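As structure tokens, the structure follows; a few thoughts come after it.
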Amino acid sequence: MAGPAVLDVNNVEVVYNRTVQVLRGLSLQVPQGEIVALLGSNGAGKSTLLKAVSNLLSLEDGDVTAGAIRFRGDDIAALTPHGLVRRGLFHVMEGRRIFEDLSVEENLTAATFALTGRKLPAADFDLVYSYFPRLHECRKGLAGYLSGGEQQMLAIGRALIARPSLILLDEPSLGLAPKLVEEIFAIIARINAEQKVSMLLVEQNAAVAFAVANYGYILEMGKVVIDGPVEKLMRDQDVREFYLGLGGAGAERSYRDIKHYKRRKRWLS
Amino acid sequence: MVASPILEVSGVSLAFGGVRALSDVSFNVPEGAITAVIGPNGAGKTSLFNTISGFYRPQAGSIRFAGESLDGVRAPQRAARGLARTFQNIALFRGMTVLDNIKLGRHAHMRTGVLDALFYWGRAQKEELELRAEIEERIIDFLEIQHIRNASVGTLSYGLQKRVELARALAMRPRILMLDEPVAGMNREETEDMARFILDVKEEWGVTILMVEHDMGMVMDISDRVVVLNFGQVIASGTPREVQGNDAVIAAYLGSGDVGAIARRIKAEAA
Amino acid sequence: MRIGTLKTSYAADEALFDSSVQRTLLVLLALGAIAFPFVASPYWLFLACLCAINVASATGLNLLTGYTGLVSLGQAAFMSVGAYTVAVLEIRLGTPFFINLLVGAGFAAAIGVLVGIPSLKVKGLYLAIATIAASVILHFLFSHWSLTGESRGLSMPPARLFGLNLDQPFLLYWLIMPVTCLMVLGAANLLRTRIGRAFIAIRDRDISAEVLGIPLLRYKLTSFAISSFYAGLAGGLWAYFFRVVTPESFPLVNSIFYLAAIIVGGMGTILGGILGAVFMTLVPELLKFVANWATPFYPDALAALAPVRTIVFGGLIVGFLIFEPRGLAEIWRRLRRFFHLWPFRT
Amino acid sequence: MDALFLAEVTLAGLGAGALYALTGVAFVLIYKATRVVNLAIGEILMLGGYAFLGFAAGLGLSPWLALPLAIAAGGALGWLVERALIRPMLGESPISVFMVTIGLGSILTGVVQLGWGADPLRLPEFMPSAPVFIGEAYLAPKVAIGFVAAAVVIGLFLALFRFSRGGVALKATAADQGAAYSVGIDVPRVFSVAWILACATAAGAGVLVGAIGGISPTMGVFGLSVLVVVIIGGLDSIAGALVGGLLIGLVEALAGAFLGGEFKLVVTFALLLVLLMVRPYGLFGTHEIERL
Amino acid sequence: IHAGIQDYLKILNDGGGIKGRKIKYVAEDTAYKVDASVAAFNKITGQEKVSLYYGDSTGFSKTINPELERRGSMIMAGASFATELNDPKKFPLQFMAGPDYTEMFGILLRYIAKEKPGARVAFVYSDSEFGRDPITPSEAVAKELKLSVVEKIVTPPGSVDVSTEVLKLRRANPDFTIFHGYVLAPIPEFVTQAKQMGMKSQFMGTFWTMDNSTVQRMGDAAEGFMGVMPYRYYYDKDGSSPMLEKIRQMRPEYQSTGYLQGFVTAMLMAEAVKRTLDAGKELTGANLKAGLNSIKDFDTGGLFGVPISIPGNSVPVGRIYRFDAKAKQMQPASDWIKL
Ligand SMILES: Nc1ncnc2c1ncn2[C@@H]1O[C@H](COP(=O)(O)OP(=O)(O)OP(=O)(O)O)[C@@H](O)[C@H]1O
Ligand SMILES: Nc1ncnc2c1ncn2[C@@H]1O[C@H](COP(=O)(O)OP(=O)(O)OP(=O)(O)O)[C@@H](O)[C@H]1O
Ligand SMILES: [Mg+2]
Ligand SMILES: [Mg+2]
């Protein structure tokens, strides 16, 4: 793994409502300037991990009960959520979470609060509009009326305004048309390459995630079950079968041929 | 293979203020088959579903269902006639258990009135028990959700919630089942489960299916017909194979289909 | 300790009281209620009747606000409709009390439906304020209409049953308590049918309920009708109980009282409505005991009682919402679970 | 009806309306930032009046010192309430939160009654008492002063939201706290500031209202009219509070003059019902986006 | 009120009670809420055998009346001077220790008719049962006295801003303005604004407004404010009033008119008990009431300025007082007026 880690998650456990344990001793690193993909089935705890990292768990009555999370060397437990954002960690949350009754431009303005207290030049709206020309066209319109893809663009656009050093991206492809997924991932790759922003990318669509990421983790039941460089993961038999839908011969399986019985994953047995 | 249409959408137009969500949309849904509606985000797919269910009222055009016009028929009556659906953003009722959510689906087919309900022992009880038995035996077993029937829906994982939504729609005695993005946010394995259920509903229950979905792998595999919307207009329709090869569809919706190549090119350029 | 209950039929699973312990408890409670008037002083009987009336009204409001999610600050006003109707009928026509009660409740239900009509478009707190508006208008009407005795209100004769004047708490108890029990039972029944499910669906997310086959306006109005029917019935009982109905009998704070009662008790549970109404009715009396007890040590206790009561009323609402938002019903549930599992702790 | 009488009634109505508007703005501020319908606004206003009395009569301070102190006391109360009652309620249903404010109102009323007794009291006179004549029409001096003060404060608020990103922060926080955090907004601070500003404004309005009509523990009913004002204007619109306030002031004055005082409340509430039927979110309120 | 009752009973019991019977006093707070009052009634009557009861509001008096008749064992007085209650037929077991509100108006109007025959009078009252109580009958009285009622202004209860109402009052331009149904607000603002507009009307009030401290709190508006009061004020030293002396000894600081009301009520109740026992009758409600009604030209130790009688449920006596801002006291402006 190259470069020092921007984000270092060490043996973290998370409990909701003081009863439901979701993460069970999870560790991962995001090296400087790289994209790390995090895969896992529904409810594995991916979003929970991201919320733990951006310190937003308390809003949902969740707690980090063990382990430590360090962002550029600082323990995040000592920081407020907005304080973290102002230090350069930006979380693009699941479900986009744009402000529906603000205009597109006001949504971007809201993100300028991330620059408060930082010695940086004024917010660069044009940079966002250059990545997402579509947003420029409807900048005066209410964000609530944007289509799903446009809302996702806006959510990533807000991250760009904040000039982060690490972006946490939670399922950016959710509900997007294939072409838009392509566009969004192209822009993710560009932002990473041009702005040198590190990213932790949560995705269900393993194929596209692997296309942009350097390293991957696979999560089940709150624990990492496999990790490794993307090339290595793509050769793993289980990953191929359960995440990429490739049959034994390497060809894509058809949904029509799926059998009624359940197969078992080797890493769980 | 294509039977007579159970749902006929003709010339439907819908606008919100200045936004034209649908313009002059016409297509048929053949009975007993799976029809998929695809199209870019904001193309009007959900709006189309909403118009069919009667939540939106179109400015022009008409919809016929099982040979009868739906003009002037309000949403609840449409549901009663057998138009069942699930929602893009899960719309389960969080204050109820899974069982009650499913029971709710049968609402339109039940007869209990306020007085029956206040006294309960009698007609209301009989009806409730019949419903319970049917749901248990046909739906809960079929969808394999016995273990969660008394759970409150808020605590369920996303995939299970989607399944409960499907169960509720099945309780509505559907003649046509409209699924809005049934596998969004699911990984390959979960998608396969859902695809299996959808195929079974079609085959074992004989219910016509109309679905919106962005997962092209699944859509192209399991649907019999595909309708493509773009900017509120139908730009193509036909078998999956026909649509897949359509240049307009590729340009508007499908894209190159190879994110990997694009990413590699970007990385190379930046280096 | 009880170990899992095994049910062999769907009917058993759908029963209101699902364990034999519960049923035993219920029978004991019923016996207690029957024995109560023979052992209690008029004061306690008076309070019991007052609690019962408040339970009836709170249960109605719970259906509307707790289950259907339509916030109403008009419950007291709906009660006043029932009370005035009963008083007018009793004075002008002298019809039997059960007819008066039903007409009063029906009339209140009709007014409730009228007030509920905006609920299709007007949402949330806008609706709550609209119900205040309705109360203000009703209050104005009652205090300026000669039929309702203008600001002086009406004094009415007692209810009569077999030539007996029901004019003391002891006798009225036998009217008020059974009626309240029936009302509560009716509400519980209602909630296990499609109507109850429709209410909850509307509360949770009304627009998707519509697409699932629930006619919104019809059910919102049904909820308003039932809730104000309950209020009207409670108001009618109130009228027979106090036998004077004036415009000041049902002020806006009473509507707040009922809302507070279901919050303190636990919104959206039948038990909550009962516990909350009883609790909130008894707290001021309890405070009086405390004040009387404190007088020797602190002579001004009695004088401070009024403000302290206001503070306690507010404090209870705030305290419950912050520390036990699910109310007394939740506390009860936890207690129950504790005893079921006793001696093992969860 | 002569024109002069009409003019005088209109002026009096606008004067009263300005105070409604001012209190309405305090209400809207809280709603905008925290989506809390603060039914205790009338009681907070009342507390402003009593605080002024406490500083001016109790401690014997000059009214001109007591006034800012009363406003500050209102702000302090706002801060405390937000910390102690509102923040723990984050994420609860709107009904619950609004019931908390009802409870708060009840507590404040009781506290005031405990401290100052149930009888109405009068504030020390501190405003000039020379009658104001606009043309020939008489306007009570205190009402005129109230009008000017309210206009200035509302103007300041409007400017603040127009020319700073504070308005965006407020709306963003109200819409989605999690998302607001995630873009770097200091959510707790936004909450505090909104409550402090609003309660300070309400307390100031309380001094004005109290100066005109005296103060009493039942003064909170003023809040009822304010509720009508903000519902008519739209819960989240400052301009709405302004328009609604003046409108209600005027309607009440006209109803009082031509129908009789007993009609004031009924007419405004009837107006409210009619308006809600036509515009369910008030004149300027934001419509909820409802999508399936 | 509470203190007044307490003090009189203390004097009475210290002096050996009535024919050796001591009177026991049990108090409950009710916050002027009818249901709380009824609860208190049930509680007290459940615990003790009660002959004398002091209730609070008009609403309570009306509510409890049937129960009172049913029991027939006690008489009751209350804080309310509502005209409606002054009806021995409908409320046979109740009374009030002063004139009812209409009688108060009558006393005021009689005074006005004497001072300025044919004067223009305005009534300003609150939109409540309390406020509306005397208005209609008083209009008739005014007509009899050849006074013209030029304006009746209703204000919503609890309203504070009365600018429009003052404008209306100015248009009517009355010589006398009578406020009723308020304690304090909005009277001061009314008077202040009216004076600013140059109105010369004389402003007057009824019992609950007329306490010395209340009038004093009107500030500038208090000067010259007049009103009707059935009792002597605490500091009234004219004539002989041994009871007031006693009160002044027991409580050196000013006592409100409410205190006096309680005191007088207790005194009249005790007198009724005494007369009943004197007559050798049982202490039933009817007998007590009869005892009460037998009171004729009774000297209250100077609390009422003149000897009183209780023909029905009220004591229709009163005097007009005027506030003197320099002395900070109410000064008598008329003789005692008996209706
Ligand atoms: N606020 C909460 N309170 C209680 N449990 C929660 C809460 N949020 C999430 N959970 C539970 O935690 C588990 C992990 O949730 P999480 O959202 O992190 O999963 P995920 O991996 O992001 O899944 P998905 O792919 O569906 O987004 C789930 O079982 C969920 O039910
Ligand atoms: N209630 C509404 N008010 C105003 N505009 C609306 C409303 N509902 C939808 N629209 C607009 O109609 C258009 C179609 O939206 P729709 O939700 O139907 O798209 P979709 O095809 O379902 O997209 P996606 O794939 O992202 O779900 C969009 O431009 C949207 O902004
Ligand atoms: Mg997730
Ligand atoms: Mg859609």
Side-chain angles (χ1 to χ4, degrees), chain A residues 20 35 39-44 94-95 141 145-152 171 173-183 185-190 192-194 196 203-213 241-246 252-260 262-263 265, chain B residues 16-17 19 38-44 46 88-89 155-162 181 183-196 198-200 214-222 250-271:
Chain A
V20 193
I35 300 183
L39 308 182
S41 51
N42 287 131
E94 191 171 18
Y145 290 130
L146 293 181
S147 78
E150 289 157 357
Q151 292 187 353
Q152 190 66 58
E171 301 202 28
S173 79
L174 184 74
L176 294 193
K179 182 161 173 249
L180 269 173
V181 175
E182 231 171 83
E183 282 178 27
F185 274 81
I187 289 169
I188 289 173
R190 258 179 72 198
N192 172 253
E194 294 173 10
K196 304 282 175 272
E203 248 310 325
Q204 292 289 9
N205 188 338
V208 291
F210 286 158
V212 296
E241 182 165 350
F242 291 108
Y243 286 89
L244 298 167
L246 301 175
E252 216 170 312
R253 264 197 327 266
S254 166
Y255 286 90
R256 286 194 185 262
D257 306 334
I258 300 157
K259 295 290 176 294
H260 280 253
K262 287 260 182 188
R263 290 144 301 141
K265 294 172 194 163
Chain B
F16 302 103
V19 185
I38 61 173
N41 295 105
T46 301
Q88 180 167 1
N89 305 307
T155 62
L156 299 181
S157 75
Y158 181 80
L160 278 177
Q161 293 197 13
K162 286 245 164 198
E181 307 203 8
V183 302
M186 292 189 179
N187 65 16
R188 173 78 197 190
E189 186 192 2
E190 292 151 342
T191 305
E192 287 178 4
D193 286 343
M194 187 55 90
R196 189 68 251 165
I198 294 172
L199 285 170
D200 284 350
H214 289 300
D215 185 327
M216 282 309 105
M218 182 184 93
V219 166
M220 297 305 176
D221 267 3
I222 72 171
I250 293 171
Y253 182 65
L254 294 173
S256 73
D258 192 354
V259 182
I262 298 172
R264 276 191 297 278
R265 202 191 65 234
I266 289 168
K267 279 183 192 162
E269 275 168 19

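Proteins come first, then strands; the chains are lettered A, B, ... in the order of their sequence lines, and each starts at number 1. As the structure is a computational prediction, the values presented were derived from the model and not from experiment.
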Handout entry: Beyond-backbone contact of A/N42 with A/Q204, side-chain heavy atoms, under 4.5 angstrom
Key = yes
Practice task
Could you list the residues that satisfy side chain to side chain donor-acceptor pair (under 3.5 Å) with B/Q88, not counting sequence neighbours?
Solution key: B/T46, B/E181
Problem - chain B contact via A/L174 - which portion, at a heavy-atom distance below 4.5 Å - result: side chain
Problem - Under 4.5 Å from a heavy atom of chain A, the part of B/L160 involved - result: neither
Handout entry: Which atoms of B/A252 approach chain A - backbone, side chain, both or neither, heavy atom under 4.5 Å
Key = backbone
Exercise for the section: Quick one: which of B/E190, B/M220, B/M216, B/R265 has the most heavy-atom pairs under 4.5 Å with chain A, could you say? Expected result: B/E190
Handout entry: Side chain, backbone, both or neither of B/I222 within contact of chain A (heavy atoms, under 4.5 Å)
Key = both
Problem - Residue part contacting chain A, namely of B/N89, when any heavy atom lies under 4.5 Å - result: neither
Handout entry: Which atoms of A/E171 approach chain B - backbone, side chain, both or neither, heavy atom under 4.5 Å
Key = side chain
Handout entry: Any residue meeting salt bridge (Lys or Arg N to Asp or Glu O under 4.0 Å) with B/R264, in chain and number order, not counting sequence neighbours
Key = none
Problem - Residue among B/S256, B/P40, B/A261, B/G39 with most heavy-atom pairs under 4.5 Å to chain A - result: B/S256
Exercise for the section: Taking the side chain as every heavy atom from C-beta outward, state whether A/E203 and A/L39 have any pair of such atoms under 4.5 Å apart. Expected result: yes
